[in-house]
Each structure stands twice: as structure tokens, then as C-alpha cells.
Amino acid sequence: MGNVYHVNKKVGLALLVAAAAALATIIALSVAYNNEKSKNRGAGAASASSASTPLLTSVTPKHPWDHYRLPSALLPLSYSVMLWPRLEPDEDGLYVFTGHSLVIFTCMEETDLVIIHSNKLNLTTLSGHHAKLQGLDRVSPPAIERSWLVEKTQFLVLQLKSRLLVGASYTLYTEFRGELADDLQGFYRSEYTEDGVKKTIIATSQMQATHARKTFPCFDEPAMKAVFNVTIIHDQAFTALSNSRKGGHSNKDLDGRRVTETFFVPTKKMSSYLLAFIVTDFGYIQSNKYDFTLRIWARRNAIQANQGAYALEVTGKILRFYEQYFRVKYPLSKSDQIALPDFHAGAMENWGLITYRETALLYDPVSSSVGNKERVVTVIAHELAHMWFGNLVTLKWWNDLWLNEGFASYVEYLGADFAEPTWNIKDLIILYDVHHVFAVDALASSHPLSCAEEEVNNPAQISEMFGSISYRKGAAVLRMLSDFLTEAKCVTSNFQSYLNTFAFKNAVVANLWDHLQQAAENTAGLYIPRTVHDIMDRWTLQMGFPVVTVDTQTGRVSQKHFLLDPESVVERPSKFNYVWFVPIKWMKSGVQQPQYWLLQETGTSTQMKVSGEAWVLANLHISGYYRVNYDPTNWERLISLLGSNHMAIPVINRAQIIDDAFNLARAKMINITLALRTTKYLSRERDFIPWESALRNLDYFTLMLDRTEVYEALQAYLKKQIQPLFEHFRTITANWTKIPERHTDQYNQINAIMTACSVGEESCRELTRSWFRKWMENPASNPIHPNLKSSVYCSAIANGGVEEWNFAWSMFRNATLASEASRLRGALACTRQPWLLNKYLKFSLDPTKIRRQDSTSTIQSVAANVVGMPLAWNFIRENWDHIFQQFGKESFVLSRLVSRVTSRFSTEFELQELKRFHQEKSHTGFGSATLAMEQALEKTAANIKWVKENRAQVLRWLQEETA
């Protein structure tokens, strides 16, 4: 599944514009909390049980159905599933679907129970029970004594009068009715407006991780692979899609209406979470270049506007690249990709029918930005990687989710680089993944990549795994592995063996290590000091990462577990005692040296002992997943080199020096002023990656200090540093009339404008005001380049009033391009008018104004605004029960909502309010946001200490630098 938090890599920095000149407004805001508990306004789902059926609302662990995991007694072989979604409401105003399913399973162990997943389905009574059991090959089935539904563990249970025969196969038939809700989970409905007409246009699905059971009774665990035979009944004007190609159709009369029955050829053997069912009136474009069918589906207007052409072009390239990279042909006969108006995740890798948010698949060459284009190619590359890693070979259980998502998150850069070789996109993994996940993995409440199976049981715990650790740390660790194994020689040669061995089966991480070890042993000239198992277990089975300290005065090299708050207590034990096998690539005075392995807490390298003007730079190209500290003398040499000849240091290592220094300072390992000094050279820096690293780290200063007297000095320093970059881009773009040629230069132009406007550079603000005013005067002709729209919109709205806000709202409501709507939606949160922000927050929970998929991210955007933060926090507390009900305890969006809304918390008052909220909402619960709440408490406590310890020192340094 694609990362929903990958939607807009610049949105956080853009919202800094809204912080400028806002202190007076903040003082006027009341942060008093209304303790009245809000009522749950969400409509509860209908019970799946009938009045005559025993429903267990309280369970004990002594029965098999009280556990969340399926027993191992039954193994599914195939399903025949018929679904009929109604795209018009019934007499009660509900959208529903009906269907029936027949699953063939084999009895592997003696049992008198049939336990199968079923959630929020009304099951028809068959012969007095919920299901009908029959035997195959003349096997007589046991009679069903009773059947019931277990709400908590989401099971349909059949108690049999005698035992099933081991080795025999049986069929289980069920009929059901479910709600085709708009909850974005399971089988759901999506609506959109086109040409001024609102349509209920689509029945679609999202099964990952535990929602197939909401569509039909099934063995809903990834290891329970089976073949699926799908039939869909639909209106004749619509098209049905599923994982496999169509096998045929027929028209018939059912319930007094003429419908089409479309059936599909049997799927490959696959997991239930990869199923997809869609009924739509969309159009498509197709490529005939390949030996499989390749189509892009979207709203007809989007297809006619050629917004799917770029996706079609790069999909073919990336699939061919992966066939070469994995040395295994694409396993299916078709690849359908579809852009959905309503979709929580960024994308979902359903085998043969990949679903996307519109912003992740559609690209308009006139109206879309460079960031939109990059997002399309990287998300497509991510999902296509899953066709092999995840779909062909699947994780055994969700505790190893990172094996799916981390791998796809790493390989997406390789696929995107092949499709767009001039972008140099592989370096951006440092910003988008490595540096990002460092912040999470440096907390005492982090968790390992591979958790124990017993830690991941219920749906909420499964949902928690879909976070930065699985995606981003997984990518970073696999990148490190590929580097020390030499990808071209060793890693790719392993994939063919691994994929062929486990094709259409399930695997655990150890299986991958086995195949990599074989490849390593067969690669001439490759040296690794321990087995792949021994090395990688330390990176995957214990949380966190080390900081490696190089003392260039003695040659001593040491490591320790890096924690942002060194006083925090790590309660999770590690059998490795938080010691890693660390591969260290390094250079001495600009010359790369042989790789050094640190295998214990301390080691010695005589080569790293230097004197005079010589300097050492460790973790060259940031190939390893660790931070680096140095002795004070070497730090001084590196800072001096940045000031005199920064190009002598590789570009991504310049970003590393900044990021390591700021985080080492937060961990009290170096002085905060040393970290600040790494940014002094930026007035001469023109590359994007170091600038982005610096701005992100200084953004933490903004979050912690923009409500204090330090903010004025911080703004003055940023203005001093950004002005040369702003003037540089004004010059090379001929006074903003052209766009830079290089991919990353286009990003840095955005940084220049965004930051200059946010710190009060008047020429920047006048520029954005004039562009926005021209657009307001002629809404049909937008003069703002797509790359700059987010920055310009945010700046103009932040420095404007109700007229600018209302204009942007109107343009948002009428936007036909999803990426344009997304930019405007983010910019609307930039206003400094509290009443507008409060109105916008109310809109966020009104699906007629803000789509459900965008609801929580809209609240996050308001919280990113210094004026909006207390408003968003109060809004969350007042509406938590409703939000929790609407978005589900199993939804990954809740954890991100909690994390983002609390990111500015840095006072004792805010910590106490957070604790009170945590306590008062314990009856409702936090579901998949449980860990996020713990981390918010930990980060807030650390922020309080950081402000107390550094506020005065930072103010003095900034004042000296801007005097």
C-alpha cells in the first residue's frame, strides 16, 4: 500500500508562511478546554447477527473463537464469490450489496469447528444456520449443531455435531447482505461531481488489511491463500472490474431490472487482502505494446483530458525494468490501474487491479507540478514492485509487514529512476525516508521492524504496523543491505531464486536472508564479516539505530543506541543489547577509504586517526542507517570546510552533517550552537538536498519557539540566509518567467519563494500577492506556475483576508484536477483569521464540503498553522468520539492525526492537557493511534526540556549572527 503521508512533500514547509506575524493573534486566542464530552454522532454499523443468533460481546481466551488468529485446522483452496452492489439507495435510504460465497477448504487437523471471518455482514439463515456445509468426493459432512457470530474477533463460528475428516475437502456456502457505505473500507461506494452533476459512480474496495471479511465470509489472513472465482452483477451501463481478466458476461432480469452478470477467470493463488471489486462508468486508455493488457482507468473527463497518459507511459517502462531486476516475468495477463475519487491510502497493490488516489495516478502536463509528476511515478513504482514482493510472494503474518512495504519503498526509487533517469531521484530517499524515520526511531517508544507475532493480533494492532518504521526504516535498512552486498552483483541474483522458490506462497524474513546468504557466498570478491542473518537480525529484531562516534584524535570508533531524549527509559529488551553490526563507508580529506565494520560497542581504526588539516567524513553517501558524531576537532574541520569549499563534501553528506548535528544537539551530545553553525554556509549553497535538510531542522526551532521572543531573531537569521538563494533563482529564471531545468532545482526554487515569503521578504510577498490578485481578477486564467502554486496560494491567503479565502474556497469547490484541489485545500489552512480556521475545521467533518479521505489531513493542515494549532487541538478533543467512529479504530489515519496535531506541544500546560485527553478518552479508546498517543506524550516531554535548556542560548546566538 502506498504511503498516504507521501502526498505533498512540501506542504509542511509551505504552512510556515502562516506563522509569520501571527504572535499578536495567538495571544488573543483562548486555549481553555471545554471538558464536556462530545456525543458520538457517527451512525453505528448494523449488527451482523439476527435476533435468534447468540452474539458474544464478552469473550474469554479459553475458546478458539476468542482469539484473533484463525485456528490452523482448515486451509482454503478456492472461493466462488458473487456480489451485487446497488448504486441506488433502498427504501430505507441505505446503499447495500448482496451476494453469496462458496469456499472449498481442506481439513488439516481434527476439529469439530468451522471458524471463518465475517464482519458487519447480515448472513441469511440456511436450514436454520448461517451457512451450509457439504463434503466433496463423497465425503459426508457433519451436521451443524449451531452457528453464531463473534463481534469482537469478527468470526462466524459453526459448531459441528461430529469432527471433520483430516485430509478431506468440504464446501461452505453463505449468503449475505452488507452496507455499501462511504467508509472507504471493504466494499464501499464513492461519489463525485462531473459537469455539474453529482453521481454515485462507483462501487469499489479496499481490503487491506482486514476488510475482505466485510465483503464476504473468508479466511482473512495473508497466509490463507486461495484461488478466487468472481462474479459481479451490475447495471448494464456500468463496467465491472476485478483482479483477473473478464471471462464473459450475460444479461438477465433480476428483481424486476435488467442487469449484466460479469464473470472473471480464476485468479492466481493469492491472499484475500489483495482482492479488488469495482463497478464503474469510468473510461480508460490502453497500451498494446506488451504481452499483457495495460490500462489506466479514471473519470471520463480526466481520460479525455489525457491525464492518464503519463501513468500509462511510465507503467510499461517500470514493469519492464522490474522484470529485468527481479529476473521474473510479470505474473499476470493484465494490469489495470484506476484513479478513485475517494480513497484513504495513497494506493493499494491489489493484484491486477491497483487502486490509487487521483493525485497519485493522474497528471496534467499543463496544470500539474513537478511534485505531482514525481508523486505519480514513485507511487506507481511502489505499487508495481508489490506485484512481485508482496503479491507473488507474501508475508506470512502482519508482524513482518516491512518485508512488503519496506521493500517496495526502497525499490520505488529504482523503478522511478529508470523511468526518469535525469532526475537523480535515488538520492531523495535520504530526505523522504531516512531522515524522516530517524525522528520516529529515536524514541524510546519505537518498535522493531519485525515484531513478535503475539504483539500483532487484532485489527488495530495490525493497522499500527502501517507506519514509518515499516515503510521508511524498511527502505533505509534494505538500501544499506543492498549497498554492502553490492546490489548489481549479489542482490539481484538472489531475487530470482527467492521469488521462484516462494511463488504463490508465503515467506518470512529469514527466508530472504537464506537466499541472500547463498548469493553472497557465490559472489567473488565480496566480504561481509558475519552472515546476512547475523547482520540483519540486529537491524530488524531490535528497535532504533546507533550513533557512531569517530574520534579522529585516537582512531577510536564507538556506537551507542541513539535516543532523542537521553533520559528516556527503553523498556523493550533486546537480546543484542542494542549493539549493531555497522558497515562504515568513509572518506579522508576527500578520498574514499576501504569499508570499515564496527562489530562491537568500540573498535579502533588507525586510518581514522588524522592530524593537521586532514578531516574524516563517515557514512559516505549515507549508505548506512545510523548517525555520526565526531570529536570536536573534526567537527571544526568539517564546519570550516563547509564555509570555505562546501563542494568538497558530497551533496547528500552536506545534508547529513546538518541533520546529524541538529539531532545530536537535541540528544545533548553536542552543543546547540555547533548545530546552528552548520547552517552558516547556506548563503552559498544552491543544492536542494542540503537546503531541505536545513529547513526541516530549523522548522523544529520554529515549532518550539514561534510563540516566544526567540521567533523574531530566528526569522531574521532565516531571512539573512535565504535572500541569496531567492536572488539566485530570480536571476536564473529571468525574474520568475522561466522554470529551472534540473528536477531538484525546481524544488529549491519552491524553497526559496516559500521561505522568503514566510520570513517577511517584502519583494517575495508582493510577488505572490500580485500573482494571486491577477488570478482573482481573471479566474479562468491562472498566471501561477503549477510548481509555485502551493507556496503562492499559502502566502497570499496568509497575508490576505476573507476575500482571498473565499476566492480560494470557491476555486477549490470547482477544481476538476485532484492535485489542484489538494493544493487549494492545504492553502486554505494558511489563513491567520481564527474564525475562518474554525469554520474550516467544521467543514472537515462535513463530507459534502471535504471528502472523507481528506478530512483528517485537513485538520492536520490547520494544526500546522501556528494560529490554527490550538483551534485544531480543541476541535480534536471535542470531536474525538465522532472522529473515532467515522474513521475506525483500525484506520492508520488516526495515528498521523494525533502525531501532527501535537507536533508543536512544548509547554507543561500542553503536556497536562494531553495527559487529560488521554485519560478522559480511554473509554472511547485510540485504536491504531494508541502508539501515536504514547509517542506524543514522550515527544512533548522531550520538547519541554529542549525549550527550557536551549531557548536562551539559541536567542543569543541568533542575535549575534544577525547583529
Side-chain angles (χ1 to χ4, degrees), residues 11 15 18 22 25-26 28-44 181-184 191-193 198 341-342 344 793-794 797-798 800-815 821-888 891 893-894 896-904 913 917 920-921 924 929:
V11 69
L15 287 166
T25 307
I26 300 166
L29 293 175
S30 169
V31 292
Y33 172 42
N34 182 350
N35 279 317
E36 182 183 352
K37 293 180 173 64
S38 61
K39 295 180 180 180
N40 188 341
R41 297 194 294 266
D182 59 352
D183 58 359
L184 311 181
E191 300 178 357
Y192 78 103
T193 300
K198 185 176 181 179
D342 296 291
H344 252 330
Y793 294 171
C794 185
I797 291 171
V802 66
E803 183 183 4
E804 286 78 8
W805 198 92
N806 284 337
F807 172 78
W809 174 253
S810 174
M811 300 309 291
F812 164 73
R813 297 284 283 176
N814 293 312
S822 179
R823 285 190 287 263
L824 286 161
R825 185 172 55 81
L828 285 162
C830 293
T831 179
R832 294 201 299 271
Q833 305 296 321
W835 69 274
L836 282 174
L837 290 170
N838 268 327
K839 180 170 79 167
Y840 197 35
L841 285 168
K842 291 179 181 178
F843 286 177
S844 72
L845 296 185
D846 182 348
T848 66
K849 293 182 171 66
I850 302 290
R851 287 190 177 277
R852 284 174 57 92
Q853 67 175 16
D854 300 321
S855 178
T856 57
S857 62
T858 300
I859 300 170
Q860 293 168 35
S861 294
V862 173
N865 181 339
V866 64
V867 179
M869 185 275 287
L871 306 178
W873 172 230
N874 285 342
F875 185 79
I876 288 295
R877 291 185 291 183
E878 292 165 6
N879 294 280
W880 180 255
D881 291 354
H882 175 69
I883 291 169
F884 191 76
Q885 175 67 28
Q886 286 293 301
F887 297 100
S891 173
V893 299
L894 292 181
R896 290 162 195 163
L897 178 64
V898 168
S899 177
R900 303 288 173 82
V901 172
T902 60
S903 63
R904 205 179 237 105
E913 289 295 288
F917 173 65
E920 290 180 348
K921 292 304 177 184
T924 302

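In this text, all values refer to a predicted model and were calculated from it rather than measured experimentally. Worth knowing before you read on, the calculation uses all heavy atoms, side chains too, and leaves out hydrogens, waters and symmetry mates.
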>> Run the side-chain contact (heavy atoms from CB on, under 4.5 Å) test on E913 and W873 for me, step by step, so that the C-alpha distance in whole Å, both residues' side-chain angles and the decisive distance to 0.1 Å come before the verdict.
In response: CA-CA 10 Å; E913 289 295 288; W873 172 230; 4.0 Å; yes
What heavy-atom pair brings [X] and [Y] nearest, and what distance separates the two atoms?
X	Y	value
S855	S844	OG-O, 2.6 Å
M869	V901	CG-O, 4.2 Å
C794	A827	N-CB, 3.8 Å
T856	L897	O-CD1, 3.7 Å
N814	S810	ND2-O, 3.0 Å

> Can you list every ring-ring contact (aromatic ring centres under 6.0 Å, His included) pair that touches residues 844-863, not counting sequence neighbours?
Replying inline: none
>> Could you work out, with side-chain contact (heavy atoms from CB on, under 4.5 Å) as the rule, every residue matching S857, not counting sequence neighbours?
In response: R825, D854
>> Taking side-chain contact (heavy atoms from CB on, under 4.5 Å) as the definition, give me every residue that meets it alongside A872, ordered by chain and number, with sequence neighbours left out.
In response: L841, I859, V862, A863
>> The test is side-chain contact (heavy atoms from CB on, under 4.5 Å); show your working for Q853 and L184 and say whether it passes.
In response: CA-CA 8 Å; Q853 67 175 16; L184 311 181; 4.0 Å; yes
Side-chain contact test, heavy atoms from C-beta onward, threshold under 4.5 Å: evaluate it for [X] versus [Y] and give yes or no.
X	Y	value
F884	K921	no
D183	R852	yes
Q833	V802	no
Y840	T831	no

Looking at [X] and [Y], would you say the former's side chain and the latter's main chain have a donor-acceptor pair under 3.5 Å?
X	Y	result
E878	F875	no
W805	L828	yes
N865	R832	no
Q860	S899	no

>> So if I apply the side chain to side chain contact (heavy atoms under 4.5 Å, CB included) rule between F917 and each of V898, T902, I876, which one comes out positive?
In response: I876
> Atom OG1 of T858 and atom CG of L845: how far apart are they, to the nearest 0.5 Å?
Replying inline: 9.5 Å
> From L837 CG over to K839 NZ, what is the distance, rounded to the nearest 0.5 angstrom?
Replying inline: 11.0 Å
>> Are more than 12 heavy atoms, taken from residues, nucleotides or ligands other than K842, located less than 6.0 Å from that residue's NZ atom?
In response: no
> Relative to each other, are the rings of F812 and W809 parallel, tilted or perpendicular (30° and 60° limits)?
Replying inline: tilted
